[in-house]
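In what follows, every chain begins at residue 1, and chains take the letters A, B, ... in the order their sequences are listed.
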2 protein chains.
Amino acid sequence: MTEPDAVPDLPWTVAAFAARTGVPPTTLRYWDDEGLLPAHRLDNGHRRYGPDDLPRLEMVRMCQGLGCTMDEVRLVLDAPDPAARARFAAEKLPEVLGRIELLRVAADVLRHVAVCEHTDATSCGAWMRSVLEPPGERPDLRAG
Amino acid sequence: MTEPDAVPDLPWTVAAFAARTGVPPTTLRYWDDEGLLPAHRLDNGHRRYGPDDLPRLEMVRMCQGLGCTMDEVRLVLDAPDPAARARFAAEKLPEVLGRIELLRVAADVLRHVAVCEHTDATSCGAWMRSVLEPPGERPDLRAG
DNA sequence: GCTTGACTTCGAGTCAACTCGAAGGTGTGC
DNA sequence: GCACACCTTCGAGTTGACTCGAAGTCAAGC
């Protein structure tokens, strides 16, 4: 006897899921179309979401926070095996750690700027030392 | 007796500055036009850059790394007084600190994913706990 | 003076990630 | 059946940060 297919729990329309998660309806539809966060479909074609979609949404959010493109998000979420995911993680980790370090530097700079009385942002010696003496090869800080 | 205007040291054309800094020539011209990194001009209209432009470039880079829009970069770099800059810094600092914390979480996740053998990225209990139990109000991680 | 490789401006294009409005379908309550 | 609030797709628009190509100028070397 084979197990019957589990009926997924799908209480949320696009609007409901948007309200629950803060992601705009247009974005949810866009993400579904783009394969980022696929939606279930009723017989009438309407999208439905359930609690099982929340983890993937969180992972989409985390990847976006890491500056991943949508291609990269799909890649990691839809990787055919753990090895592909592990490769992605191994590549991203040094990048993330480097970003953390540079954000620390930026935080120090901001702490200083918050109390600095110099007339020009670039004429402050303490700030210039922190900015112009990078710890090493400087990765691009911009996301994406 | 008033001091004579100092003659700025301007050894670099757009191409030279681009080669020195890694910023593409089109981007330097664009940044100049947008007021992000203003260039000096020779009598013939050609742009020239000097060592004095490097600190501002680094600050542009740092602000971009913080996810600032170009409007924000201009605002902080061209702020009329230290108080305006301090306000900007005071607003950005908590954001940066929050970003650091979330990147730490993401780094933990990536460390786990790098060794995880689960068949699906969202079916890993350790990862789901870290993602679904956020430390508090969760700011948007995306830059900008 | 000509050639060549740089420079300039200008208008438009590219890219990624959305967002919008039009047109039509669906389902509920009256 | 009608009204209304939702749903769908589709094509195009928006936004921000660039990037490109055309047309013309500038300057150095021959």
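Rounding to whole angstrom units, CG of residue Asp71(B) and P of dC18(D) are separated by 13 Å. As a whole-Å value, the separation of Tyr49(B) OH from dC7(C) P is 11 Å. Taking atom CD on Glu72(B) and atom P on dA17(D), their separation rounds to 9 Å, with Å as the unit. A straight line from CG of Leu10(B) to P of dC7(C) spans 15 Å, rounded to a whole angstrom. Nucleotide dG16(D) holds its C1' atom 12 Å from the CG atom of Leu36(B), rounded to whole Å. Across the protein-nucleic acid pair, Leu42(A) atom CG and dC6(D) atom P stand 17 Å apart, rounded to whole Å. Rounding to whole angstrom units, CZ of residue Arg48(B) and C1' of dT8(C) are separated by 12 Å. We find that CG of Asp43(B) is positioned 12 Å from P of dC26(D), with the value rounded to whole Å.
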Could you pull out every donor-acceptor pair under 3.5 Å between side chains of residues 10-23 of chain A and any protein atom, sequence neighbours left out?
unit_1   : atom_1 : unit_2   : atom_2 : d
Thr13(A) : OG1    : Ala15(A) : N      : 3.4
Thr13(A) : OG1    : Ala16(A) : N      : 3.1
Thr21(A) : OG1    : Phe17(A) : O      : 2.7
Thr21(A) : OG1    : Val23(A) : N      : 3.3

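Remark: Thr27(A) is not in phosphate contact with dA17(C), judged by side-chain N or O atoms under 4.0 Å from OP1 or OP2. For the OP1/OP2 pair of dC18(D) and a distance below 4.0 Å, the side-chain nitrogens and oxygens of Trp31(B) include at least one atom meeting the criterion. The shortest distance between the side-chain N/O atoms of Thr13(B) and the OP1/OP2 oxygens of dC7(C) is below 4.0 Å.
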If you restrict it to nitrogen or oxygen atoms, what contacts under 3.5 Å exist between nucleotides 9-13 of chain D and the protein, and what is each distance?
unit_1 : atom_1 : unit_2   : atom_2 : d
dT9(D) : OP1    : Arg41(A) : NH1    : 3.0
dT9(D) : OP1    : Arg41(A) : NH2    : 2.9
dT9(D) : OP2    : Arg47(A) : NH1    : 3.0
dT9(D) : OP2    : Arg47(A) : NH2    : 3.0

Check: protein-nucleotides 20-26 of chain C nitrogen or oxygen pairs below 3.5 Å:
unit_1  : atom_1 : unit_2   : atom_2 : d
dT26(C) : O3'    : Asn44(A) : ND2    : 3.2

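Within the 3.5 Å criterion, the main-chain N or O of Gly50(A) finds a donor-acceptor partner in the side chain of Asp53(A). A distance-only check finds no donor-acceptor pair linking the side chain of Arg111(B) to the backbone of Ala89(A) [under 3.5 Å].
Heavy atoms only, all atoms of each residue included: Arg56(B) and Pro38(B) are closest at NE-CD, 3.7 Å.
Candidate nucleotides dC18(D), dC7(D), dA17(C) were compared by shortest atom distance to the side chain of Gln64(B), and dC18(D) ranks first. Nearest to the side chain of Tyr30(A), among dC18(C), dA17(D), dA6(C), sits dC18(C).
Side chains of Leu57(B) and Trp31(B) form a contact here, defined as non-hydrogen atoms less than 4.5 Å apart.
Residues passing the salt bridge (charged side-chain N to carboxylate O under 4.0 Å, His left out) test with Arg47(B), sequence neighbours excluded: Asp32(B), Asp33(B). In this structure Glu91(A) satisfies the salt bridge (charged side-chain N to carboxylate O under 4.0 Å, His left out) test with no other residue, sequence neighbours excluded. For the side chain to side chain contact (heavy atoms under 4.5 Å, CB included) test, residues two or more places apart in sequence or in another chain that qualify with Arg104(B) are Ile100(A), Arg104(A), Ile100(B), Glu101(B).
Both Val14(B) and Pro24(A) lie close to DNA chain C; mapped to their nearest nucleotides by heavy-atom distance, the more 5′-ward contact belongs to Val14(B).
Considering Thr69(B), Val73(B), Leu36(B) in turn, Val73(B) is the only one that fulfils the side-chain contact (heavy atoms from CB on, under 4.5 Å) rule with Cys63(B).
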